[in-house]
Amino acid sequence: MAKQACRLSPVASKQKNETTSNVMYATMIQVDSRSIRAVDYDGSNFFVQFHTSDTIYVHPNVPTSVFVEFMDAESKGEYYNQHVRGRYR
């Protein structure tokens, strides 16, 4: 799938794993998912953007194998909920 340039906007939130810096740029990979719009991975940090928000959530220390399995998963939302969400903070 094609990569899409994405400007991360500032977020004023107390929720963990949300991007809170003033300006960041990332190259996001659009994925075929009903819940997840785009992702990125830098070798350690897994970035996730959902269809319901412009917020990009950052999951640190995610092994490459988890990202590869996520990208290969038939249901990305299900894989995310079972293997990433709540595990990497």
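Two residues are said to be in side-chain contact when any heavy atoms from C-beta on lie closer than 4.5 Å; Arg37 and Ile56 fail this criterion.
Note: Phe47 CZ to Thr27 OG1 = 10.5 Å, rounded to the nearest 0.5 Å.
Partners of Arg87 under the side chain to side chain contact (heavy atoms under 4.5 Å, CB included) rule, at least two apart in sequence or in another chain, do not exist in this structure. Scored by the side-chain hydrogen bond (donor to acceptor under 3.5 Å, both in side chains) test, Ser53 finds Thr55 as partners (sequence neighbours excluded). Not a single side-chain hydrogen bond (donor to acceptor under 3.5 Å, both in side chains) links Asn61 to another residue, sequence neighbours left out. Remark: Phe67 pairs with Tyr41, Phe46 by the ring pair (Phe, Tyr, Trp, His ring centres under 6.0 Å) rule, at least two apart or across chains.
Shortest non-hydrogen contact noted between Tyr88 and Pro63 is OH-CD, 3.5 Å. Heavy-atom minimum distance, Gly77 versus Ser35: CA-OG, 3.6 Å.
Sorted by first and then second residue, the side-chain hydrogen bond (donor to acceptor under 3.5 Å, both in side chains) pairs with a member in residues 67-78 read Glu69-Tyr79; sequence neighbours excluded.
In this structure, Tyr80 has its ring center closer than 6.0 angstrom to the ring center of His59.
Checking Val48, Ile36, Val62 one by one against Phe70, the side-chain contact (heavy atoms from CB on, under 4.5 Å) holds for a single residue, Ile36.
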Take Val31 and Met71 through the test side-chain contact (heavy atoms from CB on, under 4.5 Å) and record every step on the way to the result.
CA-CA 8 Å; Val31 294; Met71 292 302 288; 4.1 Å; yes
